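Working notes, beginning with the structure itself.
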Amino acid sequence: MKETSWADRWLGWTGIDEPGAASSKLRSVRRLVLLTIACEGWFALGYVPYSSHPMAYGLVAVGLLVCAIAGWQDRFAQPASIMAFALLFGVVYSAFPDNANHQLLSLMLLILVLLAGSPGSEDDRNAVAALQSMRWIAAIGVFWAGVMKLYYGYWLGGEFLAFRVAGNSGFTQVLGILISNEELARLLSLGTDVGAGPFRADAPLLVLVSNLTWFLELVLPLGLLWPRTRQLSMVATILLFVAIELGAREVFFGGLMVGLILLFADRDRLAGALPWITGFYVAWLLQADLLQWVAGGQGG
Amino acid sequence: MSGSIRRRVMLAIVVFVLVWPIAHAGLVARYQLDPWEFFGWSMYALPGARVQVLVEVERDGEIHPLRAMGEMRQRVQRFARRRNALGLLVSTEPLAREIFTADSTIDAVIIVTREITLDRETTRLVGHRAQHRHERHDLEASDS
């Protein structure tokens with residue numbers, strides 16, 4: 001019988017995978033992370049500071065793409081993950097402080113992938129523990145997102161959502177339907193100069209959505225930890241993320257988080273979701289700034 | 001690395017993710033870091049930092065806006081981006097030194113920052129202005 005340490009016990013709160021499932025899930029999450037940072041590497045070329053050094057960051061994007069392709073196969077998993085980590089670390093270091101949160105999350109996930117060891121290694125406990133850690137990160141992240149919404153205090157009256165509806169087309173399209181035409185017109189006319197406001201919407205549905213968001217972010221992670229509610233909470237959390245990303249459109253962060261939350265499933269559901277996530281990434285790249293960048297424009 | 005140590009490192013990463021947002025919120029409050037940056041899980045909790053930077057220079061007692069071109073313009077923009085992300089952790093002094101080095105006729109550099117935030121009570125955008133004046137002779141004296 002294998003010895004169980006206190007670290008194993010703590011990590012085990014998010015569930016324990018069967019060895020076969022662990023190996024498959026780890027493969028899928030490795031592919032997801034490598035795919036995400038490869039796509040993001042190309043996407044970022046349209047934005048400062050990456051657009052200021054297109055040759056250097058272009059080469060990094062090529063390198064990350066090679067890592068994603070090579071890392072799709074188990075036999076190249078370790079070198080591809082190491083190389084991807086080195087490239088991404090270099091990007092984060094050189095672009096500091098202009099770093100995206102999903103870049104930092106990806107670095108963390110790559111460390112966990114590497115700590116899990118080679119695919120099919122004898123001690124499957126490392127793979128199981130890596131997956132447990134990733135699930136913890138997802139649950140903690142969602143929980144903190146809810147806590148921070150309460151702490152900063154812009155969600156109880158729907159102020160933040162009203163502010164975003166006024167200044168961000170994604171939020172306007174998704175949440176505009178919850179607001180009367182007059183109120184929406186008022187918000188859209190406010191502008192962004194000092195003195196603009198008030199960004200408080202007289203729309204009960206918007207306030208309800210605002211409060212439901214932080215409430216679910218606080219409750220669903222607890223549901224993910226309790227075995228009886230885990231699967232239901234997993235589906236609900238994914239739906240919450242999809243709803244948030246309809247407005248926020250943080251596609252790469254959303255892709256990573258949905259992938260991490262799918263790790264709460266009994267089986268490797270992420271493998272089935274990967275083609276969909278890949279499709280979203282490619283569509284996003286094509287519709288967003290890549291074509292504009294190729295044509296010589298600048299991303300916003 | 002043994003399996004046990006690997007798993008403890010994994011647990012350490014999880015603990016870091018658990019406690020870092022507390023430190024992050026403290027840094028945001030103390031140094032005006034951009035709450036959206038640095039993995040504090042505060043994106044979309046409030047509007048992101050928005051800092052405007054204006055640089056003025058004084059020559060022979062007259063103050064004019066800095067006409068930053070080329071490399072100097074990039075330096076000012078880089079300062080603005082860093083100030084936006086890192087808040088008060090980014091000093092204005094290095095930028096002032098670069099401006100003095102680039103133009104020996106400048107006697108003083110005035111860097112004005114305006115942080116625009118959404119006031120929680122009024123839900124209106126408000127500006128917080130701060131001015132940093134650097135005299136050439138002060139910086140030269142501190143160097144010698």
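Every chain is numbered from 1 and lettered A, B, ... according to where its sequence line falls, protein lines coming before strand lines. Quick caveat, the model's predicted, so the values are computed rather than measured.
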By a 4.5 Å heavy-atom criterion (distance strictly below it), what part of A/Ile244 contacts chain B: side chain, backbone, both, or neither? neither

A/Thr213 versus chain B, the contacting section by heavy-atom distance below 4.5 Å: neither

Please classify the contact of A/Tyr152 with chain B as side chain, backbone, both or neither, using a heavy-atom distance under 4.5 Å. both

Non-hydrogen atoms of A/Ala116 and B/Met10 that approach each other most closely: N-CE, 3.9 Å

Taking OH in B/Tyr31 as the centre, count heavy atoms belonging to other residues, nucleotides or ligands within less than 6.0 Å. Is the count above 12? no

How long is the gap from CG on A/Asn126 to CD1 on B/Ile5, to the nearest 0.5 Å? 11.0 Å

Check each atom of B/Ala25 against the heavy atoms of chain A and say whether the ones under 4.5 Å are side chain, backbone, both or neither. both

Looking at A/Ala129, A/Gly195, A/Ala145, which makes the most heavy-atom pairs under 4.5 Å with chain B? A/Gly195

Going from CH2 on B/Trp41 to CD on A/Glu217, what distance comes out if it is rounded to the nearest 0.5 angstrom? 10.5 Å

Could you give the distance from CZ (B/Arg7) to CD (A/Gln132), rounded to the nearest 0.5 Å? 9.5 Å

Which of the residues A/Leu161, A/Asp193, A/Val128, A/Val147 is involved in the greatest number of heavy-atom pairs with chain B at under 4.5 angstrom? A/Asp193

Segment of A/Phe199 engaging chain B (4.5 angstrom heavy-atom cut-off): both

Which of A/Leu190, A/Leu115, A/Leu104, A/Asp98 touches chain B most, by non-hydrogen pairs under 4.5 Å: A/Leu115

Within the 4.5 Å heavy-atom criterion, are A/Glu159 and B/Arg120 side-chain neighbours or not? no

Worked check of side chain to side chain contact (heavy atoms under 4.5 Å, CB included) between A/Val194 and B/Arg114: CA-CA 10 Å; A/Val194 169; B/Arg114 188 168 72 153; 3.5 Å; yes

Please determine, among A/Val142, A/Ile111, A/Ile137, A/Leu150, the option with the most heavy-atom pairs under 4.5 Å with chain B. A/Ile137

Around A/Trp13, counting heavy atoms of other residues, nucleotides and ligands shown, do more than 12 lie under 6.0 Å from its CH2? no

B/Glu121 versus chain A, the contacting section by heavy-atom distance below 4.5 Å: backbone

Counting only non-hydrogen atoms closer than 4.5 Å, does A/Leu156 touch chain B with its backbone (N, CA, C, O), its side chain (CB onward), both, or neither? neither

Output for pair (B/Gln74 CD, A/Ser52 OG), nearest 0.5 Å, gives 6.5 Å

Which portion of A/Trp144 sits near chain B, non-hydrogen atoms under 4.5 angstrom: both

Taking it one step at a time, do B/Arg50 and A/Thr192 satisfy side chain to side chain contact (heavy atoms under 4.5 Å, CB included)? CA-CA 11 Å; B/Arg50 192 173 143 210; A/Thr192 56; 3.8 Å; yes

Heavy-atom distance under 4.5 Å between the side chains of A/Tyr154 and B/Tyr44, does that happen here? no

Quick check for you: among B/Pro21, B/Gly40, B/Ala12, B/Ala85, which has the greatest number of heavy-atom pairs under 4.5 Å with chain A? B/Pro21

Against chain A, label B/Val90 side chain, backbone, both or neither, depending on which of its atoms sit under 4.5 Å from a heavy atom there. neither

Against chain B, label A/Phe253 side chain, backbone, both or neither, depending on which of its atoms sit under 4.5 Å from a heavy atom there. side chain

Taking the side chain as every heavy atom from C-beta outward, state whether A/Phe163 and B/Leu125 have any pair of such atoms under 4.5 Å apart. yes

Applying side chain to side chain contact (heavy atoms under 4.5 Å, CB included), run through B/Leu86 and A/Phe96 and close with a yes or a no. CA-CA 10 Å; B/Leu86 291 164; A/Phe96 183 84; 3.9 Å; yes

For a 4.5 angstrom cut-off between non-hydrogen side-chain atoms, does B/Arg81 reach A/Pro97? no

More than 12 heavy atoms of other residues, nucleotides or ligands under 6.0 Å from CZ of B/Arg78: yes or no? no

Per-residue contact mode, B/Thr122 against chain A (heavy atom under 4.5 angstrom): backbone

Given B/Pro35, B/Gly127, B/Ser42, the one with more heavy-atom pairs under 4.5 angstrom with chain A than any other is B/Ser42

B/Ile116 versus chain A, heavy atoms under 4.5 Å apart: side chain, backbone, both or neither? side chain

Would you mind checking which part of B/Phe38 comes under 4.5 Å of any heavy atom in chain A, side chain (CB onward), backbone (N, CA, C, O), both or neither? both

Heavy-atom pair count under 4.5 Å with chain B, highest-scoring of A/Arg164, A/Met148, A/Lys149: A/Met148

Take a 6.0 Å sphere around CZ of B/Arg30 and say whether it holds more than 12 heavy atoms from other residues, nucleotides or ligands. no

A/Asn99 (side chain) donor-acceptor with B/Glu37 (main chain) under 3.5 angstrom: no

Quick check: do A/Phe160 and B/Thr123 have side-chain heavy atoms less than 4.5 Å from each other? no

For A/Glu250, which atoms come within 4.5 Å of any heavy atom of chain B: side chain, backbone, both, or neither? side chain

How many angstroms lie between atom CG of A/Asp8 and atom CZ of B/Arg8, to the nearest 0.5 angstrom? 9.0 Å

Tell me which of these, B/Arg124, B/Arg82, B/Met43, B/His24, has more heavy-atom pairs under 4.5 Å with chain A than the rest. B/Arg124

Can you tell which part of B/Leu46 gets under 4.5 Å to a heavy atom of chain A, answering side chain, backbone, both or neither? both

Heavy atoms of other groups near A/Asp202 CG, more than 12 under 6.0 Å: no

Considering only heavy atoms, which portion of B/Val17 lies under 4.5 Å from any heavy atom of chain A: side chain, backbone, both, or neither? both

